[in-house]
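Each chain gets a letter, A, B and so on, in the order the sequences are listed, and its residues count up from 1.
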2 protein chains.
Amino acid sequence: MQGLMMNRPMRVNDILTFAAEVYGDVEVVSVAVEGGIHRTNYREIDVRTRQLAKALLKLGVTEGNRVATLAWNGYRHFELYYGIAGIGAVCHTINPRLSAEQMIYIVNHAEDKVIFVDLTFIPILNALQAHLPKDLIYVAMTDRAHMPQTDLPNLLCYEELVEAEDAAYEWPDFPEDTACGLCYTSGTTGNPKGALYTHRSTTMHALMAGVSLQTSLSPGKKILPVVPLFHVNAWGLPYAAPLTGASLVFPGAAMDGPSIYKLMQEEGVYSAWGVPTVWLGLLAEIKAQGGKPSGFGEVIIGGSAAPRSMVEAFENMDVSVCHAWGMTEMSPIGTVGVLNPTQDALPMKERIDLKSKQGRRVFGVDLKIVDEDGVRLPHDGEAQGELFVRGNAIVSGYFNNEEATSGALDADGWFGTGDVAKITAEGMLTITDRAKDLIKSGGEWISSIDVENMAMSHPCVANCAVIAVPHPKWDERPLLIVVAAAGADKDQAGILAHLGENLAKWQIPDEVVFVEELPMTATGKVSKLTLRQRHNDGTLAG
Amino acid sequence: MQGLMMNRPMRVNDILTFAAEVYGDVEVVSVAVEGGIHRTNYREIDVRTRQLAKALLKLGVTEGNRVATLAWNGYRHFELYYGIAGIGAVCHTINPRLSAEQMIYIVNHAEDKVIFVDLTFIPILNALQAHLPKDLIYVAMTDRAHMPQTDLPNLLCYEELVEAEDAAYEWPDFPEDTACGLCYTSGTTGNPKGALYTHRSTTMHALMAGVSLQTSLSPGKKILPVVPLFHVNAWGLPYAAPLTGASLVFPGAAMDGPSIYKLMQEEGVYSAWGVPTVWLGLLAEIKAQGGKPSGFGEVIIGGSAAPRSMVEAFENMDVSVCHAWGMTEMSPIGTVGVLNPTQDALPMKERIDLKSKQGRRVFGVDLKIVDEDGVRLPHDGEAQGELFVRGNAIVSGYFNNEEATSGALDADGWFGTGDVAKITAEGMLTITDRAKDLIKSGGEWISSIDVENMAMSHPCVANCAVIAVPHPKWDERPLLIVVAAAGADKDQAGILAHLGENLAKWQIPDEVVFVEELPMTATGKVSKLTLRQRHNDGTLAG
């Protein structure tokens with residue numbers, strides 16, 4: 001029987017309207033690309049977003065049009081999220097770390113009508129321009145005084161567009177499954193694939209995050225999104241922060257340890273969100289400074305698995321670690337490492353063990369693991385299988401990509417993550433590996449992540465990666481590639497002995513290769529594809 | 001353009017499934033109707049709820065059937081919420097304080113198929129039985145040992161039904177606008193009208209509450225719902241608490257001050273939710289005990305406006321007051337008095353001023369005030385008009401009631417609350433009065449609530465109400481009806497002088513009438529209808 005309740009279409013802009021009214025004074029702070037710190041708040045941003053919407057309409061943007069951004073984390077980028085989505089257009093965030101080839105593919109595949117670009121990235125567009133759509137409109141995200149010399153045709157000025165309009169604009173209604181955002185996965189093989197978020201999925205994701213990460217997401221708490229607005233919606237912060245009245249501190253282009261430390265110290269940041277590599281830099285700076293930034297109480301780590309040593313380092317300085325797991329295709333949050341009251345009462349060592357796992361699902365995300373025949377496996381902490389997910393903030397396909405769409409979901413409508421995982425009866429998820437990163441040696445599976453985490457706890461290892469290399473007898477063997485800590489010996493024997501204390505003998509790599517740095521993907525993860533290409537014969541090639 | 005995200009129908013039972021997995025150990029404590037304290041947790045309740053679902057199916061309950069409850073706040077009532085809704089049936093909670101006539105109307109109007117009843121209320125059903133549907137199935141919410149002697153035909157035993165089934169049951173899918181709950185407003189005029197909640201509206205309401213009331217609704221926090229499960233879903237706690245991992249402590253039948261105090265003390269309750277009259281009793285007990293229950297940190301007050309003196313009393317003992325406003329038709333939360341960071345930094349007096357208002361809207365509820373012609377009035381803190389609301393947890397009509405449905409919404413689809421209110425630019429709502437309780441004297445409006453709040457701050461006033469009485473010259477005049485504080489003088493002159501210090505002369509009642517107690521409605525509010533009938537000629541009639 002049908003109930004009798006209103007059915008109002010969810011619209012992401014209702015979040016900003018709400019924040020402007022209820023949390024109007026809450027600050028949004030940005031390290032400006034032009035230099036200095038810029039301060040605004042949700043009330044002012046709501047006004048400017050309505051002006052921006054009118055400017056977009058004047059540029060000819062209509063419902064369903066894709067409008068691209070190529071920008072750091074800052075208030076103008078945040079305004080674009082709402083200004084574009086609010087008129088029913090689609091905010092297409094582009095990762096500036098993509099290769100030229102990928103960027104050209106994406107802009108053309110998305111058929112972007114306008115592209116908003118930070119000053120930093122004007123040279124990139126200059127170089128690519130000949131390969132981009134002819135009628136693409138370019139807008140520099142700055143004011144008139146900072147407009148650059150460029151060959152880009154008819155480059156418009158963001159502040160001039162905004163200032164030419166008044167704020168008398170009401171957001172239109174449309175069905176809640178209307179697209180509001182587009183983000184391409186930085187596929188390491190094949191062309192990038194676009195996740196096309198809806199107003200419903202994005203609103204639901206913000207609510208799901210809000211009830212799951214309350215220690216960060218609450219009124220007045222200061223959050224530093226190091227995770228970029230240019231990829232997977234900065235883990236939903238542009239929506240979940242205003243929804244809950246949390247304050248945002250955008251780092252702009254400066255994401256090295258010293259810059260992050262200084263910003264956190266000066267702005268009193270409580271919670272910092274980002275990938276493990278960023279925290280390596282911050283931890284080094286904390287060591288150099290002799291203490292953490294005052295007020296720093298929580299770090300949300302996702303993107304790749306954080307090694308146990310990192311979890312320990314933060315927890316030992318009274319910074320609560322929340323390990324999260326998700327994907328571009330999941331908006332992105334799937335699981336969070338917030339301990340439940342029973343777990344929180346455990347001794348430190350057990351708490352750190354738990355916090356080194358990927359956490360438990362948030363409400364609204366269902367998890368299953370299956371064997372090679374697609375048969376469900378038990379959640380007993382032992383069985384491991386491919387992880388599938390289902391929920392209101394998870395893709396049902398890819399934008400204009402029939403081939404990728406056809407393979408995305410299983411017969412029951414679950415999305416295949418490509419991760420291999422186990423889940424305990426209490427719902428704790430451990431990602432064992434990416435399915436394609438698992439190493440099959442002598443008929444046994446070896447988790448590259450397990451070996452990496454163990455190696456990271458050796459003092460002479462600053463960073464590392466484990467990949468499979470071909471082996472005539474065992475089929476594959478693990479190769480450990482290490483960036484040595486500054487000033488440390490390249491102590492292969494010591495590292496292997498350390499692994500020997502904690503891993504089964506057949507899991508221990510036969511060799512350690514030392515490199516100056518690891519190749520990274522556009523989203524800040526170690527590029528194992530590149531490493532496999534380099535080390536295909538089991539020796540150091542580059 | 002349509003996005004490409006999964007669209008999973010929201011189901012309230014996904015909340016309990018989630019809690020069982022993620023917050024499985026979190027306790028649900030009940031003062032049992034049979035005596036003693038009963039302890040369980042979300043994991044066990046999830047199991048029993050599935051057993052209950054199978055029992056309901058065996059009783060012949062099918063999708064859309066209404067299943068009634070007549071019960072106190074306790075774990076079995078909580079289980080019924082999910083057991084009934086989970087199979088697609090409708091949990092119809094009945095307020096045992098309704099008149100016999102209203103109860104008969106409601107059970108017949110709802111066409112209830114089964115009624116679950118606490119031992120306390122068996123005599124009520126015995127008395128009404130001849131007027132209830134002939135094929136109504138009666139189930140006593142107890143075990144075999146406590147089954148009562150009764151004339152009810154074929155009275156079944158709750159525990160026997162549950163124990164006869166195993167828990168191997170998966171909740172079925174259905175559209176998210178499927179009805180899950182039914183609650184009749186205890187209308188003081190005319191027949192009660194049924195609000196028919198949906199799986200979508202109820203899930204959204206839980207999420208909205210979860211992001212708005214985080215200080216109560218977070219993992220492991222102990223919440224005492226004095227607000228009843230038998231009316232407006234105990235303000236959504238049966239959903240919002242498991243969603244966020246909060247622990248529930250159900251008071252059963254004992255809601256007097258000493259019982260509540262003792263339970264809070266013994267269970268370490270942090271947050272207590274209920275109507276002002278309950279807190280009068282608790283405050284008296286706190287005074288008698290010489291201090292608050294240890295651990296008591298927050299009180300959520302709704303149902304009627306709390307007088308400023310009550311807000312002060314709690315805040316002065318370091319219990320944070322959150323004044324909330326809502327309606328049966330709103331699931332029910334509309335606004336909450338959680339201060340934003342700017343407000344929270346104000347001096348105590350100003351904070352109490354703000355906390356005495358009704359608070360700001362929660363995300364998902366839109367507010368407007370309109371004049372007599374339906375024209376929108378500004379949110380400037382000055383203009384007052386009838387309050388209309390809109391959102392995903394607000395009724396679009398009433399169950400099987402075309403007449404009431406046709407008048408429920410305005411032309412733009414907003415629900416008319418019947419309240420008169422003003423709203424500041426920062427979104428703070430003040431309910432001036434129920435539209436029908438406003439007093440029109442000499443062409444000027446007088447808010448009965450304003451006069452009541454002022455009178456409540458006089459030491460000899462324990463409780464009071466202000467109503468309009470006819471007047472030959474001024475059309476209407478306010479009459480103040482007072483319950484004197486224990487041992488205090490019936491000091492009419494002193495009270496009127498006190499009002500004179502704070503109100504305009506024409507707002508001051510001409511007379512004070514002292515009574516032993518005030519008539520209450522079934523939902524614990526002062527029945528002004530009864531008072532108006534008694535005092536229609538301006539004199540004390542009963």
Side chain from CB out, backbone as N, CA, C, O: work out which of these in [X] comes under 4.5 Å of a heavy atom of chain B, or both, or neither.
X: A:V26; value: side chain
X: A:V389; value: backbone
X: A:I394; value: both
X: A:S218; value: both
X: A:L409; value: side chain

Mind ranking [options] by heavy-atom pairs under 4.5 Å with chain A and telling me who comes out on top?
options: B:V90, B:T215, B:V362; result: B:V362
options: B:H379, B:E329, B:E176, B:E63; result: B:E176
options: B:G397, B:G64, B:G3; result: B:G3
options: B:N340, B:T405, B:N7; result: B:N7

Quiz item: Salt bridge check: are A:R361 and B:E21 linked by an N-O gap of less than 4.0 Å?
Solution: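 Yes, A:R361 and B:E21 are salt-bridged.
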
Quiz item: Salt bridge check: are A:R43 and A:D46 linked by an N-O gap of less than 4.0 Å?
Solution: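 No, no charged N to carboxylate O under 4.0 Å.
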
Exercise. Could you tell me whether B:Y42 and B:Y23 have their ring centroids closer than 6.0 angstrom?
Key: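 Ring centroids of B:Y42 and B:Y23 are no less than 6.0 Å from each other.
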
Exercise. Specify whether A:Y184 and A:H92 have parallel, tilted or perpendicular ring planes, treating 30° as the upper limit for parallel and 60° as the lower limit for perpendicular.
Key: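 Because their plane-to-plane angle lies in the 30° to 60° range, the rings of A:Y184 and A:H92 count as tilted.
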
Quiz item: Are any side-chain N or O atoms of B:Q214 and backbone N or O atoms of B:A209, one a donor and one an acceptor, separated by less than 3.5 Å?
Solution: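 Answer holds: no.
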
Quiz item: Sub-3.5 Å donor-acceptor pair from the side chain of B:R200 to the main-chain atoms of B:P175, do we have one?
Solution: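 Judged by distance alone, no pair lies under 3.5 Å.
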
Exercise. Give a yes or no on this: more than 12 heavy atoms of other residues, nucleotides or ligands lie within 6.0 Å of atom NZ of A:K221.
Key: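 Yes - once you tally the heavy atoms of other residues, nucleotides and ligands closer than 6.0 Å, there are more than 12.
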
Exercise. Using non-hydrogen atoms and a 4.5 Å limit, figure out which bit of B:F174 sits close to chain A: side chain, backbone, both or neither.
Key: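 Neither part.
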
